[in-house]
Amino acid sequence: MTVVPDRLLLVSTSPRVAPGCLTWDAWQALRSGPVRTADAEHPQLAALAAAGVTVEVVPAASAAEQAARFRGNARGGSAVWLAAADGDERFLRALADLVSRETAGGETVELEVIAGSYDLPGARLLDAVAVMDRLRSPGGCPWDAEQTHVSLGKYLLEEAYEAYEAIEEDDSEALREEMGDVLLQVLFHARLAQESADGWSIDDAAGDLVDKLVNRHPHVFGEGGGEAPMVDPDSLDRTWDRIKAVEKGRQSVTDGVPMGQPSLSLAAKLQRRALRGGLPADLLTAGLGDEVGDRLFALVAETVAGGAEAEAALREAARRFRDRVLAAEQRMRAGGTDWREAWRP
């Protein structure tokens, strides 16, 4: 005689996926009923009710008590549990322990977890948007509530520099953290704009970015679906500049260069723009004087001609200098020497 086991089905869903967008396995399980949940505010309840699926919200109880009650619902048949957004981990562990003890005692019972929906790549960005909404809404953080684009400006620069430092240090973990901090600034400024007369949101910014990337990569998104022959990076740079010039109605190769950036980066950017615009390389330093700024500008032109990054090169030199200072200070503390003696390699 074949023994049919009792079936305990747990359906988990992602709170980042629209209600009702469930897998076929989940719909089959939910329609097999009866369905219970401990979350009276579960986002799937309205969608399930519209589909004719009745969900009973059970009274609050400890995980062990909930597991025992749910197990009892399935005796001689099956029962379905709709997990809350957090996955009801404590309940699931208690139920798994209960089923393990019962099967060890000779009972026939099956426990199956069914994925009702999955997070898409980038889904956690929705959580970040929700957190920012909470911080800026009434009852949120007083400090966040009083910030403006102007007051946050310095933090945008600081976080970008800290991310750059993590890249220089080749510290992947630090870079991951700093990228999150940079993302916070993006979300913050978008939220401020949404609340203002400007009225644009993070979705508008993301939509503009998508349109820009698609428009500026015709070799990827144009006809042929990205199957066009590979093109060299230099020609891609020129194509990028031409497309931007058309998009923004630029009249000069220097249009759009942010003049507030660090001076070495600014000089290099202007020089590269001029070269791509057709300026002969030998004219980059033509007419320069002997002032300090002129000599620095000529050095930047030298690095540009050699394919190097002036900003990165000077930062690397500054880091070597810092390390040498630290080593000299350590020698002086250890041996009582002076700067000149400690400075020797």
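Along the sequence shown, residues are numbered consecutively beginning with 1.
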> Between Phe297 and Val300, does a side chain to side chain contact (heavy atoms under 4.5 Å, CB included) hold up when you go through it step by step?
Replying inline: CA-CA 5 Å; Phe297 193 86; Val300 173; 5.6 Å; no
Got a list of side-chain donor-acceptor pairs under 3.5 Å for residues 332-345, not counting sequence neighbours?
| unit_1 | atom_1 | unit_2 | atom_2 | d |
| --- | --- | --- | --- | --- |
| Asp338 | OD1 | Arg340 | N | 3.3 |
| Asp338 | OD1 | Glu341 | N | 2.9 |

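- Considering only heavy atoms from C-beta on, Asp323 stays 4.5 Å or farther from Arg320 through its side chain.
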> Given Asp294 and Glu291, is the side chain to side chain contact (heavy atoms under 4.5 Å, CB included) satisfied, shown in steps?
Replying inline: CA-CA 5 Å; Asp294 295 327; Glu291 299 294 330; 3.5 Å; yes
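- Evaluation of the side chain to side chain donor-acceptor pair (under 3.5 Å) test over residues 109-132, restricted to residues two or more places apart or in two chains, returns Arg7-Glu112, Ser14-Asp119, Arg16-Asp119, Arg16-Asp127, Arg124-Asp127.
- Under the 4.5 Å side-chain criterion, counting only non-hydrogen atoms from C-beta, Ile202 is not in contact with Arg191.
- Grouping Ile, Leu, Val, Met, Phe, Trp and Tyr residues whose side-chain heavy atoms lie under 4.5 Å apart, directly or via other members, leaves Trp200 alone, with no other cluster members.
- Proximity of Leu156 to Phe188: side-chain heavy atoms (C-beta onward) are nowhere separated by under 4.5 Å.
- Using modelled atom types, one finds no donor on one side chain facing an acceptor on the other under 3.5 Å when comparing Asp97 with Ser100.
- At most 12 heavy atoms of other shown residues, nucleotides or ligands fall within 6.0 angstrom of atom CG in Asp170.
- Within the 4.5 Å cutoff, side-chain heavy atoms of Cys141 are placed close to those of Leu135.
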> Stepwise, does the salt bridge (charged side-chain N to carboxylate O under 4.0 Å, His left out) test hold for Arg71 with Glu107?
Replying inline: CA-CA 12 Å; Arg71 171 64 186 99; Glu107 294 197 42; 3.4 Å; yes
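- No donor-acceptor pair closer than 3.5 Å links the side chain of Asp144 to the backbone N or O of Arg136.
- Two residues are said to be in side-chain contact when any heavy atoms from C-beta on lie closer than 4.5 Å; Leu92 and Glu89 fail this criterion.
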> Yes or no on side chain to side chain contact (heavy atoms under 4.5 Å, CB included) for Leu8 and Ser78, after CA distance, side-chain angles and deciding distance?
Replying inline: CA-CA 6 Å; Leu8 301 173; Ser78 65; over 6 Å; no
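- You'll find the side chain of Leu125 stays beyond 4.5 Å of the side chain of Leu187, heavy atoms only.
- Cluster partners of Leu296, by chain and number: Val292. The rule joins Ile, Leu, Val, Met, Phe, Trp and Tyr whenever side-chain heavy atoms lie under 4.5 Å apart.
- Counting only heavy atoms from C-beta outward, the side chains of Val11 and Trp81 never approach each other to under 4.5 Å.
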Scan the side chains in residues 306-319 for donor-acceptor partners under 3.5 Å anywhere in the protein, sequence neighbours excluded, and list what turns up.
| unit_1 | atom_1 | unit_2 | atom_2 | d |
| --- | --- | --- | --- | --- |
| Glu309 | OE2 | Arg272 | NH2 | 3.4 |
| Glu311 | OE1 | Ser265 | OG | 3.4 |
| Arg315 | NE | Glu168 | OE1 | 3.4 |
| Arg315 | NE | Glu168 | OE2 | 2.6 |
| Arg315 | NH2 | Glu168 | OE1 | 2.8 |
| Arg319 | NH1 | Glu168 | OE1 | 3.4 |
| Arg319 | NH2 | Glu169 | OE1 | 3.3 |
| Arg319 | NH2 | Glu169 | OE2 | 2.5 |

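- How far CG of Asp204 is from CG of Asp198: 11.0 Å, rounded to the nearest 0.5 Å.
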> Checking side chain to side chain contact (heavy atoms under 4.5 Å, CB included) for the pair Leu30/Leu22: CA distance, chi angles, key distance, verdict?
Replying inline: CA-CA 10 Å; Leu30 291 165; Leu22 303 174; 3.7 Å; yes
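- Minimum interatomic distance between Asp6 and Arg75 (heavy atoms only, all atoms of both residues): OD2-CA, 3.5 Å.
- Arg324 CZ: more than 12 foreign heavy atoms inside a 6.0 Å radius.
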Result block: side-chain N/O donor-acceptor pairs under 3.5 angstrom for residues 42-69, not counting sequence neighbours:
| unit_1 | atom_1 | unit_2 | atom_2 | d |
| --- | --- | --- | --- | --- |
| His42 | ND1 | Gln44 | N | 3.1 |
| His42 | NE2 | Ala83 | O | 2.7 |
| Gln44 | OE1 | Gly20 | N | 2.9 |
| Glu56 | OE1 | Arg36 | NE | 3.3 |
| Ser62 | OG | Glu65 | N | 3.2 |
| Ser62 | OG | Glu65 | OE1 | 3.3 |
| Glu65 | OE1 | Ser62 | N | 3.2 |

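- The 12-atom threshold is not exceeded at CH2 of Trp24, counting heavy atoms of other residues, nucleotides or ligands nearer than 6.0 Å.
- Counting heavy atoms from C-beta on, the side chains of Thr23 and Trp27 never come closer than 4.5 Å.
- Here the closest non-hydrogen pair linking Thr13 and Gly116 is CG2-CA, 4.3 Å.
- Considering all non-hydrogen atoms of both residues, Asn215 and Pro218 come closest at O-CD, 3.6 Å.
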